[in-house]
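The first residue of the sequence shown is numbered 1, and numbering continues consecutively from there. Values below: all heavy atoms of this structure, side chains included; hydrogens, waters and symmetry mates excluded.
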Amino acid sequence: MSPRQPTPAVPPEGLPESPPHSHPLRFGYGTNGLADLRLDDALTLLADLGYDGVGLTLDHMHLDPLAPDLATRTGRVARRLDALGLDVTVETGARYVLDPRRKHGPSLLDPDPADRARRVDLLLRAVRIAGDLGAHAVHCFSGTLPPGTDRDTAWKRLAETLAPVLEAAASAGVPLAVEPEPGHLLATLVDFHELRLLLGDPEPLGLTLDIGHCQCLEPLPPADCVRAAAPWLRHVQIEDMRRGVHEHLPFGDGEIDFPPVLAALRDAGYQGLTVVELPRHSHAGPRQAELSLPFLHRAATPAPSDGRTTAPEAIAHRVEHRTSRPTHQTPRPPLPSEPAPALSPAPPGEPSAIQEGSTP
């Protein structure tokens, strides 16, 4: 099945249409933030709320990629997505889908070739699933640097393990969108370009840009990251976040100014899904999904030419979320010539970008 054609976006009632020269943004929600729901219930919820698509994380409870009869189950999901009018991106960041004891293990960087092969097999399955679903991209990440492994060796392993996945992606006509992940070998946009050049800039290789990660550790502000990444952008994840702390937050609980970010995506002509990524909020997943889409629609509304604000509710939402928390000063993002800040460990009980702190 070829990738789905974007469904024409209809602006929410009361919001103006996007300017004719720009592309309307299309929003999805990640199933890793709806882990307590059956997959069909999650898809129905998102369609009912008005989402354009879904970021489908392959996991034991959502289209298990390792369980029997995968082709038949994938066909059922494809038909359900079609019936609901939902587009899809396939994500591969499930915590324990391969190893019940190691979060995100094994990785593409593991010393044991057999372990690396297990991760490659998962990605090859994801590519086949994406082709059958008509997905816009397959998401993946590098993994953390294993103890005792030097960076040069790790980069070599990453290039070698991704080679067969890129071949499969090219055959399926589905981009492989690598995500820079705090704490991983491939952690920043600079690292993505190192991989791209190491591989010889293959056509199927694209980028997953997580807007929160830009706020967390990139030297440029998130909107500038979007502009810098635009030529390679194949998938976008979005949530709020604070500088130097890798914790995925609901909109309004962090420091990101979203209207410039969404304007940059729109002006870049990005037509893939922009997927809400709240993997630690499944306990409140339906409510977060309900709140997130109106916030994004308001933040994506272009300002009128006279400069007046058209989305006061977005500001009010931000203030409401912050009044109950201690105030903090937003650090200035460093200039492009400055190094990215060191990631400070989060308070006890919160995820951080230390070695085991990849995607929460």
Side-chain angles (χ1 to χ4, degrees), residues 1-7 26 28-48 51-100 104 108 117-141 161-162 164-179 204 206 208 234-235 237 272-273 275-277 279 282 285 289 359:
M1 183 182 296
S2 59
R4 300 166 186 267
Q5 295 302 310
T7 304
R26 300 163 55 248
Y29 199 93
T31 58
N32 60 357
L34 297 169
D36 294 327
L37 274 66
R38 297 178 182 87
L39 180 57
D40 188 68
D41 290 340
L43 298 179
T44 302
L45 169 72
L46 298 181
D48 288 346
Y51 281 91
D52 301 295
V54 59
L56 174 57
T57 295
L58 304 178
D59 207 345
H60 63 90
M61 67 293 201
H62 292 156
L63 192 55
D64 187 342
L66 304 180
D69 209 11
L70 179 58
T72 299
R73 291 184 290 113
T74 301
R76 285 200 294 266
V77 173
R79 291 189 292 274
R80 188 59 178 154
L81 289 167
D82 282 335
L84 294 171
L86 292 173
D87 295 317
V88 62
T89 299
V90 172
E91 304 199 7
T92 61
R95 296 182 183 98
Y96 298 102
V97 68
L98 290 179
D99 189 326
H104 296 140
L108 297 171
R118 291 173 61 202
R119 177 62 61 171
V120 170
D121 177 69
L122 174 66
L123 295 181
L124 292 173
R125 289 169 181 259
V127 169
R128 290 194 293 270
I129 291 169
D132 291 342
L133 295 181
H136 290 281
V138 172
H139 149 279
C140 70
F141 45 52
T161 52
L162 284 180
V165 184
L166 287 164
E167 289 180 11
S171 297
V174 180
L176 183 69
V178 180
E179 179 188 7
T208 291
R234 300 296 179 268
H235 181 45
Q237 297 171 343
L273 288 173
V275 173
V276 179
E277 179 86 354
S282 283
T359 306

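Side-chain atoms of Thr92 and Val138, non-hydrogen and from C-beta on, do get closer than 4.5 Å to each other. Inter-residue side-chain proximity for Arg80 and Leu86 is flagged as unmet; no heavy-atom pair is nearer than 4.5 Å. In this structure, the side chains of His136 and Arg26 come closer than 4.5 Å at one or more pairs of heavy atoms.
Atom CG of Asp36 is separated from atom CG of Asp41 by 11.5 Å, given to the nearest 0.5 angstrom. The CG atom of Asp87 sits 13.0 Å away from atom CG of Leu56, with the distance rounded to the nearest 0.5 Å. Here the NE2-OG1 distance, from His139 to Thr57, works out to 7.5 Å after rounding to the nearest 0.5 Å. Note that the CG atom of Asp64 and the CG atom of Leu58 stand 9.0 Å from one another [nearest 0.5 Å]. Distance CG/Leu273 to OG1/Thr89: 4.5 Å, rounded to 0.5 Å.
For Ala177, the side chain to side chain contact (heavy atoms under 4.5 Å, CB included) partners are Ala137, Thr208, Arg234, His235, not counting sequence neighbours. Contacts of Arg73 classified as salt bridge (charged side-chain N to carboxylate O under 4.0 Å, His left out), with partners at least two apart in sequence or in another chain: none.
Taking all atoms of both residues into account, the shortest heavy-atom contact from Leu63 to Leu39 is N-CD2, 4.1 Å. Nearest approach of His62 to Arg38, heavy atoms of both residues: NE2-C, 4.2 Å. Across Val54 and Thr31, no two heavy atoms sit closer than the pair CG2-CG2, 3.5 Å. For Leu108 against Phe141, the heavy-atom pair with the smallest separation is CD1-O, 3.9 Å. Residue Leu176 comes nearest to Leu162 through the heavy atom pair CD2-CD2, 3.9 Å, listed as atom of the first residue, atom of the second, then distance. Nearest heavy atom pair, residue Pro204 against residue Ala170, reads CG-CB, 3.6 Å.
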Under 3.5 Å, which donor-acceptor pairs do the side chains of residues 118-131 form with other protein atoms, sequence neighbours left out?
residue: Arg118; atom: NH2; partner: Leu98; partner atom: O; Å: 2.3
residue: Arg119; atom: NE; partner: Pro106; partner atom: O; Å: 2.8
residue: Arg119; atom: NH2; partner: His104; partner atom: O; Å: 3.2
residue: Arg119; atom: NH2; partner: Pro106; partner atom: O; Å: 3.1
residue: Asp121; atom: OD2; partner: Arg125; partner atom: NE; Å: 2.8
residue: Arg125; atom: NH1; partner: Pro65; partner atom: O; Å: 2.8

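With Tyr51 contributing its side chain and Ala289 its backbone, the two residues share a donor-acceptor pair below 3.5 Å.
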